[in-house]
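For the single chain, residues carry numbers from 1 onward in sequence order.
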Amino acid sequence: LKCSLPFQLTIPIDGGLPSVVMASQSLPRLIPNEEEQSRLFRRLHHNAQARDRQSKQDASNFVFRQRAIDDMKAETRNSKEMARTSHSERVSRWTEKMSTSPLTVDLWAEDQAKYEANLAMHRAEKQRNLRIQKQQYQAHAAILDRASGEVDELEQLRAEKRRLVNNTKCLKAMRDIEKTNARMAKVMQNKQQYEVERQQKLLAKAFSSPSL
């Protein structure tokens with residue numbers, strides 16, 4: 001059975017799907033015979049197997065690539081971890097070696113701490129001096145108050161002593177006056193008595209005279 005078709009079947013060389021190409025109207029194409037059909041089927045089968053192998057190869061390559069990427073990531077992580085560990089060990093080793101070095105000390109912080117400590121000490125010393133001065137002032141004021149009180153008491157004692165002396169003098173003068181007055185009164189009394197006795201004698205003599 002033979003018939004002409006207005007197209008032709010083209011098989012690509014790279015194993016792709018066959019494509020249909022419109023045949024020229026001037027060159028009619030007959031249906032291929034069994035040998036050509038068998039060859040065509042074998043080629044299609046080989047192309048399918050090639051595509052299957054290619055897909056498997058691509059899958060294998062993808063797995064290998066992912067495994068390689070994971071290995072590289074793991075290696076990178078291990079390298080970074082080893083670098084960090086090495087850096088930590090190196091820092092620890094040099095820190096231990098430089099532990100006695102003065103360069104490891106923060107001189108600014110140490111100087112700042114000393115400066116603040118000196119300021120605190122100066123403030124404490126100033127406050128202590130102020131307290132001492134205040135206590136001295138209070139003690140001086142108390143001494144002055146006590147001294148003024150003692151002066152007042154001494155002045156009172158002196159005034160009391162002067163009053164006592166004056167009173168003693170007055171009392172003695174009064175006693176002296178009383179004694180003087182007593183003597184004078186006694187003298188006057190004696191004189192009056194003498195005068196009375198004299199007058200009585202004169203009167204008695206006068207009454208006893210015979211001329212009367």
Side-chain angles (χ1 to χ4, degrees), residues 1-140:
L1 180 62
K2 295 183 180 180
C3 64
S4 61
L5 297 175
F7 58 88
Q8 64 179 3
L9 185 63
T10 302
I11 305 300
I13 299 175
D14 57 354
L17 293 175
S19 61
V20 177
V21 180
M22 297 299 297
S24 175
Q25 296 293 333
S26 61
L27 295 176
R29 185 70 176 173
L30 299 177
I31 296 176
N33 55 22
E34 294 180 357
E35 184 180 354
E36 291 178 352
Q37 289 180 359
S38 177
R39 189 167 51 251
L40 178 60
F41 289 149
R42 284 197 302 271
R43 183 174 295 176
L44 292 175
H45 179 68
H46 288 312
N47 290 339
Q49 288 181 348
R51 285 193 299 272
D52 185 59
R53 287 193 300 270
Q54 185 65 33
S55 63
K56 291 181 179 180
Q57 185 66 32
D58 291 340
S60 178
N61 291 337
F62 177 78
V63 172
F64 178 78
R65 184 169 57 252
Q66 289 299 119
R67 188 179 299 164
I69 292 173
D70 294 338
D71 292 340
M72 285 189 295
K73 288 182 179 179
E75 185 177 357
T76 302
R77 287 195 300 271
N78 293 331
S79 299
K80 290 182 179 180
E81 185 66 27
M82 290 176 63
R84 283 195 295 267
T85 303
S86 177
H87 177 72
S88 300
E89 292 177 354
R90 187 166 56 254
V91 170
S92 177
R93 184 169 61 253
W94 278 104
T95 301
E96 184 178 359
K97 288 182 180 180
M98 299 294 291
S99 60
T100 58
S101 175
L103 299 177
T104 58
V105 179
D106 191 351
L107 299 178
W108 172 258
E110 185 177 358
D111 185 70
Q112 186 70 19
K114 290 182 180 178
Y115 176 74
E116 292 177 356
N118 290 331
L119 285 180
M121 184 177 65
H122 290 161
R123 285 195 296 269
E125 184 68 19
K126 187 176 181 179
Q127 292 178 359
R128 189 175 66 85
N129 291 332
L130 289 176
R131 285 196 301 270
I132 292 174
Q133 291 178 1
K134 185 177 180 180
Q135 291 175 358
Q136 290 178 352
Y137 176 78
Q138 291 177 353
H140 184 67

Pairs where residues 71-84 contributes a residue and the test side-chain hydrogen bond (donor to acceptor under 3.5 Å, both in side chains) is met, not counting sequence neighbours = Glu81-Arg84

What pairs meet the side-chain hydrogen bond (donor to acceptor under 3.5 Å, both in side chains) rule with one or both residues in residues 57-68, with sequence neighbours excluded?
->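 Only Gln54-Asp58, Gln57-Asn61 qualify under side-chain hydrogen bond (donor to acceptor under 3.5 Å, both in side chains).
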
Check whether more than 12 heavy atoms from other residues, nucleotides or ligands sit under 6.0 Å from atom [atom1] of [X], and answer yes or no.
| X | atom1 | answer |
| --- | --- | --- |
| Met121 | CE | yes |
| Glu35 | CD | no |
| Lys126 | NZ | no |

Who pairs with [X] by salt bridge (charged side-chain N to carboxylate O under 4.0 Å, His left out), at least two apart in sequence or on another chain?
| X | answer |
| --- | --- |
| Lys114 | Glu110 |
| Asp111 | none |
| Arg128 | Glu125 |

Spatial distance of atom [atom1] ([X]) from atom [atom2] ([Y]) [nearest 0.5 Å]:
| X | Y | atom1 | atom2 | answer |
| --- | --- | --- | --- | --- |
| Asp70 | Met72 | CG | CE | 9.0 Å |
| Gln37 | Phe41 | CD | CZ | 5.5 Å |
| Gln127 | Lys134 | CD | NZ | 12.0 Å |
| His122 | Asn129 | NE2 | CG | 11.0 Å |
| Leu44 | Arg42 | CG | CZ | 11.0 Å |

Quick one: do Gln133 and Leu130 satisfy side-chain contact (heavy atoms from CB on, under 4.5 Å)? Show the steps, please.
-> CA-CA 5 Å; Gln133 291 178 1; Leu130 289 176; 4.1 Å; yes

Do Gln136 and His140 have a side chain donor and acceptor closer than 3.5 Å?
->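 Gln136 vs His140: no donor-acceptor pair found between side chains.
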
Short side-chain to backbone donor-acceptor contact, Ser55 and Arg51, under 3.5 Å =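 Checked: pair present.
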
Asp52: partners by side chain to side chain donor-acceptor pair (under 3.5 Å), with sequence neighbours left out | Lys56

